[in-house]
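Here is the naming used below: chain letters follow the sequence lines, and residue numbers restart at 1 for every chain. Basis for what follows: all heavy atoms, side chains included, without hydrogens, waters or symmetry-related copies. Fair warning: this is a prediction, and the values are worked out from it, not measured in the lab.
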Amino acid sequence: MVNNLSDLVNLTNLRFKIGELSKMAGVSTRQLRYWEQKKFISANEREADQDARVFSFRMYIKVLLIKHYLDEGYKLAAANEKSKDVIEDELWLHRFFEDSFKGIELIDGKRAVNLGFFDQENRQTLYGFNEGGKISYAVKPLPEKEEEQ
DNA sequence: CTTCTTACA
DNA sequence: TGTAAGAA
């Protein structure tokens, strides 16, 4: 259970050895090694001990995706391409939100989500806020900069 | 017990 | 891909 930020941070740093990953994803260790050989997945590092492969959480996701498409009937190579498409799209979505979300501000005592510039020309910013359970939008001019020019 | 590589079915 | 073998 994730209760605080440090837990979330640790989540992103989770590392799995091949046996764990195999059980988690329902894929044989033989498959994982083969997929790695095919460059479909990659061990992020090798544990000093027995030169054991160490996989990241991202790789776990990748394996799940390939497994998913494999179960759907795709051949391994095709399943890999499919998973790449999904990840690519997911990255785009992530970048989109990261670029769009400018934080939350308090406006007139209400929390407003800063959605970035609405009108670059007139220096207006778009906000989204709660209006009786519905999403309402409003624009607000950017504060004048005193030192400008 | 786990992982690794190599080799064979 | 599964499984076996020998090593670490």
Sugar-phosphate, base or nothing in reach of A:L76, heavy atoms under 4.0 Å: sugar-phosphate
Protein-nucleotide distance (A:Y34, atom OH; B:dT6, atom P), rounded to Å: 16 Å
Just call it for A:R53: base, sugar-phosphate, or nothing, with non-hydrogen atoms closer than 4.0 Å on any strand. sugar-phosphate
Between the CG atom in A:L115 and the CZ atom in A:F97, the distance rounded to the nearest 0.5 Å is 10.0 Å
Does a donor on one side chain and an acceptor on the other come within less than 3.5 Å for A:H94 and A:E90? no
Is any side-chain heavy atom of A:R15 closer than 4.5 Å to one of A:E45? yes
Separation of atom CD in A:E47 from atom C1' in B:dT2, rounded to whole Å: 10 Å
Between B:dT3 (P) and A:R30 (CZ): distance, integer Å: 16 Å
So, A:E36 and A:R33, do they make that salt bridge, N to O below 4.0 Å? no
Rounding to an integer number of Å, can you tell me how far A:I18 CD1 sits from B:dC1 P? 18 Å
Rounded to whole angstroms, how far apart are CD on A:Q37 and P on B:dC4? 13 Å
Here the distance between atom C1' of B:dT3 and atom CZ of A:R46, to the nearest Å, is 9 Å
Could you tell me how far apart A:E36 (CD) and B:dT5 (C1') are, to the nearest whole angstrom? 12 Å
Reckon A:T29 touches a base, only the sugar-phosphate, or nothing at all at heavy-atom distances under 4.0 Å? nothing
Distance, rounded to the nearest Å, where A:L21 contributes CG and B:dT3 contributes C1': 14 Å
